[in-house]
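Structure record follows, encoded as C-alpha coordinates.
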Amino acid sequence: MFNRHSTSDTLCTDQVVGDILSSWRYDISGLSSEMRTDYEQHLAECSHCSGRQQLHRNIDVFLITLTTLSVIAFILAIAVIRHEETLRDWSLALQVHQHTLTASLEAAAIAGLLVSMFAWILVAIATPAPGYLNGMLHQHQEAREEQKHAA
Ligand SMILES: [Zn+2]
(Lines give C-alpha, C1' and ligand atoms only; values in the text may rest on other atoms or scores of the structure.)
Protein backbone atom coordinates (compact mmCIF):
# COMPACT_ATOMS: atom_id res chain seq x y z
CA MET A 1 0.00 0.00 0.00
CA PHE A 2 2.73 2.49 0.98
CA ASN A 3 5.37 2.53 -1.72
CA ARG A 4 8.37 4.08 0.01
CA HIS A 5 10.95 3.70 -2.72
CA SER A 6 9.21 5.91 -5.23
CA THR A 7 8.89 8.86 -2.81
CA SER A 8 11.84 8.89 -0.39
CA ASP A 9 14.59 8.87 -3.02
CA THR A 10 13.31 11.75 -5.15
CA LEU A 11 13.37 15.46 -4.36
CA CYS A 12 10.67 18.05 -4.91
CA THR A 13 11.14 20.01 -8.12
CA ASP A 14 9.80 23.23 -6.53
CA GLN A 15 10.48 23.40 -2.81
CA VAL A 16 8.23 26.44 -2.22
CA VAL A 17 5.16 24.79 -3.75
CA GLY A 18 6.20 21.50 -2.17
CA ASP A 19 6.29 23.06 1.31
CA ILE A 20 2.84 24.59 0.85
CA LEU A 21 1.43 21.28 -0.32
CA SER A 22 3.15 19.50 2.56
CA SER A 23 1.52 21.83 5.11
CA TRP A 24 -1.87 20.93 3.63
CA ARG A 25 -0.98 17.24 3.71
CA TYR A 26 -1.17 17.40 -0.10
CA ASP A 27 -4.91 17.98 0.06
CA ILE A 28 -6.06 20.55 -2.48
CA SER A 29 -9.67 19.37 -2.61
CA GLY A 30 -10.77 22.43 -0.58
CA LEU A 31 -9.35 24.94 -3.06
CA SER A 32 -11.33 26.61 -5.79
CA SER A 33 -10.70 25.21 -9.27
CA GLU A 34 -8.76 28.36 -10.34
CA MET A 35 -6.43 28.17 -7.33
CA ARG A 36 -6.04 24.45 -7.74
CA THR A 37 -4.58 24.60 -11.26
CA ASP A 38 -0.98 25.49 -10.25
CA TYR A 39 -0.86 22.84 -7.55
CA GLU A 40 -2.39 20.21 -9.79
CA GLN A 41 0.24 20.99 -12.39
CA HIS A 42 2.98 20.64 -9.80
CA LEU A 43 1.55 17.33 -8.59
CA ALA A 44 1.46 16.11 -12.18
CA GLU A 45 5.11 17.14 -12.75
CA CYS A 46 6.67 16.34 -9.38
CA SER A 47 6.91 12.64 -8.57
CA HIS A 48 8.00 13.46 -4.99
CA CYS A 49 4.81 15.38 -4.21
CA SER A 50 2.44 13.10 -6.12
CA GLY A 51 3.93 10.14 -4.24
CA ARG A 52 3.45 11.93 -0.93
CA GLN A 53 -0.10 12.87 -1.88
CA GLN A 54 -0.93 9.24 -2.60
CA LEU A 55 0.66 8.18 0.69
CA HIS A 56 -1.37 10.70 2.69
CA ARG A 57 -4.63 9.73 0.97
CA ASN A 58 -3.85 6.05 1.68
CA ILE A 59 -3.33 6.92 5.36
CA ASP A 60 -6.62 8.85 5.40
CA VAL A 61 -8.52 5.94 3.86
CA PHE A 62 -6.82 3.54 6.26
CA LEU A 63 -7.78 5.67 9.29
CA ILE A 64 -11.40 6.14 8.24
CA THR A 65 -11.71 2.43 7.49
CA LEU A 66 -10.15 1.49 10.82
CA THR A 67 -12.37 3.82 12.87
CA THR A 68 -15.49 2.76 10.91
CA LEU A 69 -14.75 -0.91 11.58
CA SER A 70 -14.10 -0.08 15.22
CA VAL A 71 -17.50 1.65 15.55
CA ILE A 72 -19.22 -1.33 13.89
CA ALA A 73 -17.37 -3.78 16.15
CA PHE A 74 -18.53 -2.01 19.32
CA ILE A 75 -22.11 -1.76 18.05
CA LEU A 76 -22.03 -5.52 17.43
CA ALA A 77 -20.52 -6.06 20.89
CA ILE A 78 -23.34 -4.10 22.52
CA ALA A 79 -25.88 -6.08 20.48
CA VAL A 80 -24.34 -9.35 21.67
CA ILE A 81 -24.29 -8.16 25.30
CA ARG A 82 -27.94 -7.16 25.05
CA HIS A 83 -28.73 -10.64 23.77
CA GLU A 84 -29.75 -12.44 26.95
CA GLU A 85 -29.04 -16.02 25.92
CA THR A 86 -25.48 -15.36 24.83
CA LEU A 87 -24.71 -13.81 28.19
CA ARG A 88 -26.32 -16.63 30.11
CA ASP A 89 -23.86 -18.99 28.44
CA TRP A 90 -20.93 -16.66 29.08
CA SER A 91 -21.78 -16.09 32.74
CA LEU A 92 -22.02 -19.84 33.26
CA ALA A 93 -18.68 -20.36 31.59
CA LEU A 94 -17.01 -17.55 33.54
CA GLN A 95 -18.73 -18.46 36.84
CA VAL A 96 -19.94 -14.93 37.50
CA HIS A 97 -23.36 -13.40 37.99
CA GLN A 98 -24.98 -12.51 34.73
CA HIS A 99 -25.96 -9.08 35.99
CA THR A 100 -22.37 -8.17 36.94
CA LEU A 101 -21.09 -9.46 33.62
CA THR A 102 -23.72 -7.55 31.65
CA ALA A 103 -23.08 -4.26 33.44
CA SER A 104 -19.30 -4.34 33.15
CA LEU A 105 -19.20 -5.56 29.55
CA GLU A 106 -21.80 -3.08 28.47
CA ALA A 107 -19.98 -0.18 30.13
CA ALA A 108 -16.75 -1.21 28.40
CA ALA A 109 -18.47 -1.57 25.03
CA ILE A 110 -20.23 1.78 25.31
CA ALA A 111 -16.96 3.47 26.30
CA GLY A 112 -15.29 1.81 23.32
CA LEU A 113 -18.06 2.91 21.01
CA LEU A 114 -17.82 6.53 22.19
CA VAL A 115 -14.02 6.58 21.74
CA SER A 116 -14.37 5.05 18.24
CA MET A 117 -17.02 7.54 17.23
CA PHE A 118 -14.90 10.41 18.53
CA ALA A 119 -11.90 9.09 16.58
CA TRP A 120 -14.05 8.70 13.46
CA ILE A 121 -15.28 12.30 13.73
CA LEU A 122 -11.69 13.54 14.20
CA VAL A 123 -10.56 11.64 11.10
CA ALA A 124 -13.54 12.90 9.12
CA ILE A 125 -12.79 16.52 10.10
CA ALA A 126 -9.00 16.47 9.99
CA THR A 127 -8.55 14.56 6.74
CA PRO A 128 -10.13 14.83 3.30
CA ALA A 129 -10.99 11.11 3.53
CA PRO A 130 -14.79 11.48 3.22
CA GLY A 131 -14.43 13.70 0.18
CA TYR A 132 -11.70 11.51 -1.25
CA LEU A 133 -13.80 8.35 -0.91
CA ASN A 134 -16.81 10.15 -2.29
CA GLY A 135 -14.66 11.32 -5.18
CA MET A 136 -13.56 7.78 -5.93
CA LEU A 137 -17.15 6.56 -5.93
CA HIS A 138 -18.40 9.35 -8.15
CA GLN A 139 -15.31 9.89 -10.26
CA HIS A 140 -17.11 9.49 -13.54
CA GLN A 141 -19.95 11.77 -12.56
CA GLU A 142 -17.56 14.45 -11.33
CA ALA A 143 -15.49 14.26 -14.50
CA ARG A 144 -18.65 14.80 -16.48
CA GLU A 145 -19.63 17.75 -14.24
CA GLU A 146 -16.24 19.38 -14.67
CA GLN A 147 -16.47 19.07 -18.42
CA LYS A 148 -19.81 20.84 -18.24
CA HIS A 149 -18.30 23.69 -16.14
CA ALA A 150 -15.33 24.03 -18.46
CA ALA A 151 -17.53 24.30 -21.53
ZN1 LIG B 1 6.98 18.76 -5.40
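Order of appearance sets the numbers: ligands from 1, and atoms from 1 within every ligand.
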Quiz item: What is the distance from atom CD1 of Ile78 to atom CD1 of Ile110, rounded to the nearest 0.5 Å?
Solution: 5.0 Å
Practice problem: Please name the pair of heavy atoms, one in Cys12 and one in Gly18, separated by the smallest distance, quoted to 0.1 Å. | Solution: SG-CA, 3.7 Å
Quiz item: Apart from Ile72 itself, what residues make up its hydrophobic cluster when side-chain heavy atoms of I, L, V, M, F, W and Y under 4.5 Å apart count as a link, directly or indirectly?
Solution: Leu76
Quiz item: Passes side-chain contact (heavy atoms from CB on, under 4.5 Å), Asp19 versus Gln15? Steps please.
Solution: CA-CA 6 Å; Asp19 285 346; Gln15 201 58 57; 3.1 Å; yes
Quiz prompt | Test item: Arg57 side-chain N/O and Arg52 main-chain N/O as donor-acceptor pair under 3.5 Å | solution = no
Quiz item: Which value, rounded to the nearest 0.5 Å, describes the distance between Arg36 atom CZ and Gln41 atom CD?
Solution: 15.0 Å
Quiz item: For the Zn ion (ligand 1), how many protein N, O or S atoms lie at less than 2.8 Å?
Solution: 4
